[in-house]
Amino acid sequence: MKSFAVKNKFIPRGKITLFGDKSIAHRALIISALSCGKTIINNFPIHDDSLATLNVLAALGVKITRDKHQVYVCGGQGLRQPKSPVFVDNSGTTLRLILGVLAGTDFKTKLIAGKYLSARPMSRVNNPLRLMGAKITARKKGQEEYPPITINGKCLKGILYRLPVASAQVKSAILLAGLFASGKTCVVEGVSTRDHTERMLKYFGADISINKNRVILNPGRCLSSPGSIYIPGDISSAAFFLVLGLIIPGSKIVIQRSSLNPGRVGIIQVLKRMGAKIKIEPLKGCKQIFEPMGNLTVSSGKLKGTLISRAEVPSLIDELPVLMVAACFAEGKTIIKGAGELRFKETDRINSMITNLRSMGADIRLVGSGSLESIIINGKGFLMGAELKSFADHRTAMSMVVAALAAKGNSRLDDVSCISKSFPGFLTALKGLS
Ligand code: S3P
């Protein structure tokens, strides 16, 4: 545990460039490993989660080397049965995506997880992979399954699957398994989720198409490396600076080369609706064509409450904690509909954020339950400094640092070590803006 005292005499101004998007980084490693040829991944983010995927692939026999933020993957050599159980740390994306890949191998692998991931639900991915033919056993508690998980690869068959929960991780696991299946795989989404897997598979030559809310993958085509790829900056990390720049008077922050994937820009759309001054400059004509990116300039200004619909939630699911902070600094009511999935993240983020924000004087209440649970925040335009808790969750911790920097009075956060999960350089990047 490493506590952090937050003093609020800070007006952030300046430019930052963020390391690559975490979601894209996982896919870049996995799809490079499955594709013929060598891939150089540039702007690779080094944090606990990206290293979890890198280490899992290395344990499965993939040759990967790294020089600072450049990773070299020697792909298409096949996967090898690991000598011992494979540790996925606390990275949910690593575990769920790699299950899709292992479903298509002809060996058995046991995957074990860290304390926090071991408490997160896995039936959502195990069930469709079983329908495709994979043999999976997992620790059971009631009706739900949790890590450790043992997966016995099999000859798979393609399926038509309607996602019961809006999850890009589940969609991606099915699509990755579909690469090894006989016949077509089709995933139908009720609400759209991030499409990084689809974009990257296409870029590496897969036969994949999107028709409205259906993703269709035909196996059989050999994936082949495009050579070198660049991962745009992590928009989930950018979100902390966007909100910070809005709620501290006098701020101006430029975020360079951020991902602008349409399935991830919900945070920008909602903040703009709240009255935010955010200038978006897409980068055109660069070699990076499979994922859009651009510069974002944010300046402080008055915010007003808004309604975030259930259909918008997947496009900003990881940004909801910091959006809750923005809503407290806005004037008027913000309603976040269908936020129930937040309870299944690294921690129960509804609980972690409500506990902290209430201790800072926020007016928040919940209505409904399950996937229909909604959060209602009556923004007063300010928060008060307080004793805060990270709940061992990186995004709660960073959101609360943002809240504390803009609050009246000083605060202390009990632990910032968890930030290394996605953004080890967060506090240094903040200092760079002072
Ligand atoms: C992710 C998808 C989301 C998100 C997670 C990363 C991904 O999870 O919350 O941080 O990379 O596919 P779900 O698929 O569970 O919604």
Side-chain angles (χ1 to χ4, degrees), residues 1-12 236 239-251 267 270-271 274-276 298 300-306 308 316 318-336 339 342-343 345-367 373-419 423 426-427 430 433-434:
M1 298 272 273
K2 195 168 136 208
S3 71
F4 184 65
V6 194
K7 301 211 167 59
N8 57 355
K9 308 256 175 304
F10 173 59
I11 300 175
S236 297
F240 302 108
F241 296 96
L242 288 177
V243 173
L244 190 72
L246 285 169
I247 62 178
I248 300 189
S251 310
I267 172 80
V270 168
L271 287 173
M274 294 173 82
V298 61
S300 57
K302 274 204 176 331
L303 296 177
K304 57 180 191 300
T306 191
I308 300 173
L316 44 72
D318 294 338
E319 292 69 73
L320 281 176
V322 81
L323 259 180
M324 291 171 73
V325 173
C328 293
F329 282 90
E331 298 283 348
K333 193 189 277 186
T334 293
I335 304 175
I336 306 169
L342 275 188
R343 294 209 181 268
K345 297 298 172 187
E346 280 80 341
T347 187
D348 171 345
R349 285 188 181 147
I350 292 186
N351 174 52
S352 67
M353 290 306 297
I354 285 195
T355 307
N356 279 315
L357 292 173
R358 279 189 180 148
S359 75
M360 299 181 93
D363 175 356
I364 312 186
R365 65 196 166 87
L366 297 172
V367 291
E373 189 166 16
S374 298
I375 304 167
I376 301 173
I377 300 176
N378 274 313
K380 300 178 186 164
F382 67 91
L383 288 173
M384 304 301 294
E387 289 293 321
L388 304 169
K389 291 194 275 187
S390 74
F391 292 80
D393 172 43
H394 56 140
R395 298 203 202 281
T396 299
M398 289 185 274
S399 301
M400 295 325 298
V401 170
V402 170
L405 283 169
K408 294 182 182 171
N410 296 332
S411 303
R412 177 171 285 279
L413 182 58
D414 65 343
D415 178 39
V416 284
S417 59
C418 55
I419 291 176
F423 195 177
F426 175 65
L427 296 177
L430 271 180
L433 292 173
S434 59

Report task. Evaluate side-chain contact (heavy atoms from CB on, under 4.5 Å) for Leu430 paired with Phe241, printing each intermediate quantity in order. Result -> CA-CA 8 Å; Leu430 271 180; Phe241 296 96; 3.9 Å; yes
Query - Evaluation steps, side-chain contact (heavy atoms from CB on, under 4.5 Å), between Val325 and Phe240 - result: CA-CA 10 Å; Val325 173; Phe240 302 108; over 6 Å; no
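- Asn351 approaches Thr355 most closely through the heavy-atom pair O-OG1, 2.6 Å.
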Report task. Step by step, work out the side-chain contact (heavy atoms from CB on, under 4.5 Å) result for Val298 and Ser251. Result -> CA-CA 8 Å; Val298 61; Ser251 310; over 6 Å; no
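- Rounded to the nearest 0.5 angstrom, Lys345 NZ and Thr396 OG1 are separated by 12.0 Å.
- Here the shortest heavy-atom pairing between Gly305 and Ala330 reads N-CB, 4.0 Å.
- Evaluation of the side chain to side chain donor-acceptor pair (under 3.5 Å) rule for Thr347 yields no partner, not counting sequence neighbours.
- Not one N or O on the side chain of Asp393 forms a donor-acceptor pair closer than 3.5 Å with the backbone of Cys418.
- Contact annotation: the side chain of Ser300 never approaches that of Ile248 to less than 4.5 Å [non-hydrogen atoms, C-beta and beyond].
- Under a 3.5 Å cut-off, the side chain of Ser417 and the backbone N or O of Met1 do not form any donor-acceptor pair.
- Residues Ala397 and Ile419 come closest through the heavy atom pair CB-CG1, 3.9 Å.
- Looking only at side-chain heavy atoms (C-beta outward), Leu405 and Ile247 stay at 4.5 Å or farther from each other.
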**Report entry** side-chain contact (heavy atoms from CB on, under 4.5 Å) between Ile336 and Leu342, worked out
**Finding:** CA-CA 11 Å; Ile336 306 169; Leu342 275 188; over 6 Å; no
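- Met398 places none of its side-chain heavy atoms less than 4.5 Å from the side chain of Val322.
- Judged purely by atom type and a 3.5 angstrom limit, Thr334 uses its side chain to pair as donor or acceptor with the backbone of Thr306.
- Taking the side-chain contact (heavy atoms from CB on, under 4.5 Å) definition, one finds that Cys328 meets it with Leu357, Ala362, Ile377, Leu383, sequence neighbours left out.
- When every heavy atom of Met360 is checked against every heavy atom of Ala407, the shortest pair comes out as CE-CB, 3.7 Å.
- Nearest heavy atom pair, residue Lys380 against residue Glu331, reads O-OE2, 4.1 Å.
- In this structure, CD1 on Ile375 lies 6.5 Å from CG on Leu366, to the nearest 0.5 angstrom.
- With sequence neighbours left out, the ring pair (Phe, Tyr, Trp, His ring centres under 6.0 Å) criterion links Phe391 to no other residue.
- Summarising the local packing, CZ of Arg365 is surrounded by 12 or fewer heavy atoms from other residues, nucleotides or ligands at distances under 6.0 Å.
- Annotation: side chain of Val6 is not in contact with side chain of Leu388 (no heavy-atom distance under 4.5 Å).
- For Asp318, the salt bridge (Lys or Arg N to Asp or Glu O under 4.0 Å) test picks out Arg194, Arg349, Arg395, with sequence neighbours left out.
- Taking all atoms of both residues into account, the shortest heavy-atom contact from Gly275 to Leu303 is C-CD2, 4.3 Å.
- Residues meeting the salt bridge (Lys or Arg N to Asp or Glu O under 4.0 Å) test with Asp348, sequence neighbours left out: Arg343.
- One finds the CG atom of Leu271 at 6.5 Å from the CG atom of Leu242 (value rounded to the nearest 0.5 Å).
- To the nearest 0.5 angstrom, Lys333 atom NZ is 6.0 Å from Asn378 atom CG.
- Going from atom CG of Asn356 over to atom CD of Glu387 covers 10.5 Å, rounded to the nearest 0.5 Å.
- Taking CE from Met324 and CE from Met400, the interatomic distance works out to 9.5 Å, rounded to the nearest 0.5 Å.
- With sequence neighbours excluded, no residue forms a ring pair (Phe, Tyr, Trp, His ring centres under 6.0 Å) with Phe329.
- In terms of modelled atom types and a separation under 3.5 Å, the side chain of Asp415 and the main chain of Lys389 share no donor-acceptor contact.
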